[in-house]
Each structure stands twice: as structure tokens, then as C-alpha cells.
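A short write-up of the structure that comes next.
By convention in this document, chain letters (A, B, ...) are assigned in the order of the sequence lines, proteins followed by strands, and residues within each chain are numbered from 1.
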Protein chains: 2
Amino acid sequence: MSDVLKPVRKKSLADTVFDQLRQGILSGELEPGETLPAERALAEKLQVNRGAVREALKRLEQARLITIRHGGNTTVLNFRRTAGTDLLSALLVDEEGNLDLRVGRSVIEMRSALAPSIARLCARRGRDVIDRLDEILASMEANQDDRQELQMASLDFWATLVEGSDNIAYRLAFNSLRESYAHFAELLTDALAEEFEALDKYRALRDAVARGEEEKSARQAGEIIDLGATALLQVIEGLESMTLSDSEDQR
Amino acid sequence: MSDVLKPVRKKSLADTVFDQLRQGILSGELEPGETLPAERALAEKLQVNRGAVREALKRLEQARLITIRHGGNTTVLNFRRTAGTDLLSALLVDEEGNLDLRVGRSVIEMRSALAPSIARLCARRGRDVIDRLDEILASMEANQDDRQELQMASLDFWATLVEGSDNIAYRLAFNSLRESYAHFAELLTDALAEEFEALDKYRALRDAVARGEEEKSARQAGEIIDLGATALLQVIEGLESMTLSDSEDQR
DNA sequence: GAGGCCGAACTGGTCATACCAGTTGACCAC
DNA sequence: GTGGTCAACTGGTATGACCAGTTCGGCCTC
């Protein structure tokens, strides 16, 4: 009752096959170089029609997790050397919904590295988003007490900044980061509160961008992000030391 | 004759359909929100089996370019807000092989933003790749006169550094950047020569990483990357001013 | 025996044709 | 108006056949 009921998503057969194989690959159960069974064999083993298997395989190929050769056999790729950032969210959570802390840390680190450059570029050529930044800032001021609202607004703020940076690579990377973020955003509302509530820093960043001050924009962005990053990394370190007993999760 | 003959890749039907639709979406011909014809209709229009159309559509969905709803219709997404970095190389070159300079600049900017952080993290926790860095440096020294070899070796150097950073987000982003890079690497061998030939800087970077000096590693990486970045951005500016006449390529 | 041709037996790719399963909207009863 | 129902879409699943590459071993030639 606290929130909207979840939308009841039903997975298709091919989705299920896809998830199963992907999980096998990401977990290392299926190693790079290994050859998968033939489509017909897989279909029989999984008790589904060949079309479903085929669809799953083609999607895995699209995601660069396997290669398929007409007439030859299908082999598992080393996704760490081939996949793109859209794999991040799948890597972050395993089949049971557990978070992979190493991946979480990676996401945080990337966020920190990109933020200053995003702000700099936005200051250089994205002044047209200032109006939207102002709207978001206004909504943040109006919701200073509601951390969840603040969290969502700050995400909007960054999304707008990225858009203003007019850098498609940043936008695409940001999409993947945001998707990963969604998996554990609720868990971190408190840890990140300091970042959201630094409204004056957000305003300073907006002003620097509006004036086209690249260096200052970059610095301000870095300051804001660091507030959250240090908090997040502390959380992760805490969780890591908690799970030292039953973990043999090196690779 | 100069090089190996190209491997003659033949595209499957579904590949062709996929490419066609993707190009339509990336070029803006198919706008976000627009609904695509039904699978059966598309199949008839394109004179192919429904299965081929279906496969193309599912792959487009996998790449986050469209959404498919059972019973409903298929609609085009705003890929700038949904896709991951694996779309970069497709965005960089259009159907005729022409480069999109804006995308090229984005790639260069991202490279510059990530390199220092990559070096820092590698210094922090990737000492185990030092041996491989040394091997690459040795091969660079042995090929000081061969720019092509240098170029490939420097790419290896960075790939190894990224691996040592132990940051999966960086690795995945790097994969996409490298794939984009491959499209125009040959064209830029000369422009980037200054970067490749700065062997002493590479050595300094390796030493800093080996000693775990994070700040110095980051700085050295930035210096190396900047050599190439400024050269590349100049090339792009030159090309941009050349194609002012027949360009209405704003969005 | 060395080299090359060739065909069986794999592999994935394409196709036609059903039918199942959600979604939508017009229509009708209440 | 409200809610139910049904027809006509949409995509999803299932078969079974055949086409098209790849692989590899056996045969033939030299």
C-alpha cells in the first residue's frame, strides 16, 4: 500500500531461455571459448521450440556474449572484452537479486570520473538546458524534506546536464549507469542524503554552467559527486567486510 | 595488396532487416514514439519470412531501440535515453561509411575523461598487469619506426591498463570505444603519431602505476591522452569547416 | 605416402502454416 | 454511466520441411 502495485510482468519463453544462458555466462559457469549445444539439441533439452532458443541465442549475440557461425557452432565470448555498458545492470544483480559489490563500486567510480567532464562540456555548449535545470532546482527546493523526491530530482538534474553536454557517448553511458542505479537506489537514499541536500552546491554548479565557466563547473560537479561517492564506498566496504565468511567470489 | 583481403562477410536476411530498421531509427527517419507496422505487414512489405522480421525486431528491442508489447504494437524508443554504449560504433558511421564527426568528438572526449581515472585505479589495485605492460613497452621500443605497430601496441597498453583497473564499467565502456576507434583508426595514424611516439611518457606512466602512485599515474595518463586528443579535435574541426556547405545535420 | 577431391553429417538460416495468448475498441445489456 | 462481451487486431509458440554453410573423413589421383 505504501506505493503503487508492481505491474506484473510476464516473461516470454525466449526471455526465460535468454536469462538462463546469460546468467550462465555472466556467472562463469559457461566459460569463454566453450561451445554451446546445437539449437535443436538445446530446444529439446529445454523443452521449447527451436524458434525460442534461436531468438535467445540471437539476442545473446546482439549483446556480444556469444558468436554464432552459420554451419559452425556457437561459442561463448569473454564478455569483459566484448560487451557494452548495457550489460552493467545484469552484472550488478544475480538471479536472486543479490548485488555484486564489485560492480557497484565500478559504477560509482565511473560516475565520479564522468561528472566533472559532463559539467565542463555542458558549460561549454549546453547553455540551453539552464531553464530546465532551474525548474529542477525549484522542485528540489520545494521538496527539501522529502529525500525520495530529492533523490529523483537530483537524478533529473544530472540527466539534464548530460543532455546539455551534447556528448552522445556520455548519454549512452549514463543510460546504463542510471539503469544500474535503479536497482539499489532505494537502499541508498539515506547514504546519499548528504549529496541531495547540498542544494547550494547544485545552485553553484548551475550558475557556473550558466556563465560558461568550464573549470568551475567541473570542480563543482566533482564536489557534489564526491559527497555521495565517499558515502557509497563506505557502505560497500562495510558490506564487503560483512560477507567475508561465505565468499569465494574471486575470478 | 597492401593488406590481407577482407573476409567477405555475408549478411543474413534478419541482419539486413535489422540494419535497415536501425538505420531508420538512428537517422531519425523513424521518430521516437512512432509505431512500426505489424510483424506480418513488415514481412510482406520486405518480402521476407515473418521469422526474419521477428528476429530483427527482437534484436532491436535488445538494443533498446524499440519496445514490443504482446498484443499491442511496436514503438520506436528515444535511443539517446535508453541505449547503451554498444550503439556508439553504429552511430559513428552511417550506411555509406561516412563518419559522424559529432560522435567522433564524443568518443574522444570520453576517452580523455576516463584515462586518468583508469590509470589511478590501476595504480591502486592492478599491479599484477605490470609485467604485461612491460612486454607491450618492449614491443613499442622494438617498433619505434612502424607507426601502425605503435598504434596497435598503444591500444594494447590501454586495454591492459583498463583490465588492471579492475573496474567492469570501464572495461565495458572501453570495449565500445575501441570498437568505434577501429572504424577510423587507419585514418588517424599520422594525427596520433605524437601520442604513440611519446614512449618516455608511457614508461613514466608504467613506473607510476608500478609504484602505486595514484595521482602521478592519473596525471601521466592525462598527458598522454591529451597529446592525441588535441590533435584529433583539430582534425575534426578541420573536417567540420570543410563540410559546412552541404550540411543540414542538426537534430 | 602426399595432396586434393568429394560427399555424408553435422551446424545454423529460411520458410509456410497453423494456432495460442494478450490488447483494444466497438457494441450491447443493465 | 457501468460493466460485460465479442470480434479483430497485435505478438508468442509450435511444427516440420528444406536451404545453405562447415567440418571431416574416406577415397581417388599422382
Rounded to whole Å, the CG-C1' distance (B/Asp15 to D/dA20) equals 15 Å
Taking atom C1' of C/dG22 as reference, at what distance in whole Å does atom NZ of A/Lys11 sit? 18 Å
Between the two end axes of the helix from C/dG1-D/dC30 to C/dC30-D/dG1, each built from 5 base pairs, what angle do you get to the nearest 10°? 10°
Could you pull out all donor-acceptor pairs under 3.5 Å where a side-chain atom in residues 70-78 of chain B meets a protein atom, sequence neighbours excluded?
from    : atom 1 : to      : atom 2 : distance (Å)
B/Asn73 : OD1    : B/Arg69 : NH2    : 3.2
B/Thr75 : OG1    : B/Thr67 : OG1    : 3.1
B/Asn78 : OD1    : B/Arg80 : N      : 3.1

May I have the distance from B/Arg50 (atom CZ) to C/dA18 (atom P), rounded to whole angstrom? 14 Å
Quick note, salt bridge (charged side-chain N to carboxylate O under 4.0 Å, His left out) partners involving residues 15-33 of chain B, not counting sequence neighbours, are B/Lys11-B/Asp19, B/Asp15-B/Arg59, B/Asp19-B/Arg22
Qualifying salt bridge (charged side-chain N to carboxylate O under 4.0 Å, His left out) pairs, either residue in residues 83-96 of chain B, two or more places apart: none
Polar-atom pairs under 3.5 Å, protein N or O versus N or O of nucleotides 9-11 of chain C: list them with distances, or write none.
from   : atom 1 : to      : atom 2 : distance (Å)
C/dT11 : O3'    : A/Gly72 : O      : 3.4

Restricting to non-hydrogen atoms, name the atom on B/Gly228 and the atom on B/Leu192 that form the minimum distance, rounded to 0.1 Å. CA-CD2, 3.5 Å
Figure out the CD/P separation between B/Glu44 and C/dA16, and round it to whole Å. 11 Å
Output all residues satisfying salt bridge (charged side-chain N to carboxylate O under 4.0 Å, His left out) with B/Glu135, sequence neighbours left out; order by chain, then residue number. none
Any residue meeting side chain to side chain donor-acceptor pair (under 3.5 Å) with B/Ser89, in chain and number order, not counting sequence neighbours: B/Glu179
May I ask you to decide whether A/Arg132 forms a salt bridge with A/Asp156, counting only side-chain N to carboxylate O separations under 4.0 Å? no
Considering residues at least two apart in sequence or located in another chain, which fulfil the salt bridge (charged side-chain N to carboxylate O under 4.0 Å, His left out) criterion with B/Glu109? A/Arg125
Can you list, by residue number, the residues of residues 54-64 of chain B that have a non-hydrogen atom closer than 4.0 angstrom to DNA chain D? B/Arg54, B/Lys58
Apply salt bridge (charged side-chain N to carboxylate O under 4.0 Å, His left out) to A/Asp128 and list each qualifying residue two or more places apart in sequence or on a separate chain. none
Quick one: list whatever passes salt bridge (charged side-chain N to carboxylate O under 4.0 Å, His left out) with A/Asp145, sequence neighbours left out. none
Atom pair distance, as rounded to whole Å: CG in B/Leu13 and P in C/dG12: 18 Å
Pairs under 3.5 Å (N/O, protein and nucleotides 4-7 of chain D):
none

Which of these nucleotides, D/dG12, C/dG13, D/dT15, is closest to any side-chain atom of A/Asn49? D/dT15
Step-by-step side chain to side chain contact (heavy atoms under 4.5 Å, CB included) determination, A/Lys58 to A/Ile68: CA-CA 8 Å; A/Lys58 297 301 283 192; A/Ile68 304 175; 3.8 Å; yes
What I'd like to find out is whether the side chain of B/Gln20 reaches to under 4.5 Å of the side chain of B/Leu46, using heavy atoms alone. yes
Might you work through the side chain to side chain contact (heavy atoms under 4.5 Å, CB included) test for B/Arg178 and B/Asn175, ending with a clear yes or no? CA-CA 5 Å; B/Arg178 181 174 49 187; B/Asn175 291 338; 3.4 Å; yes
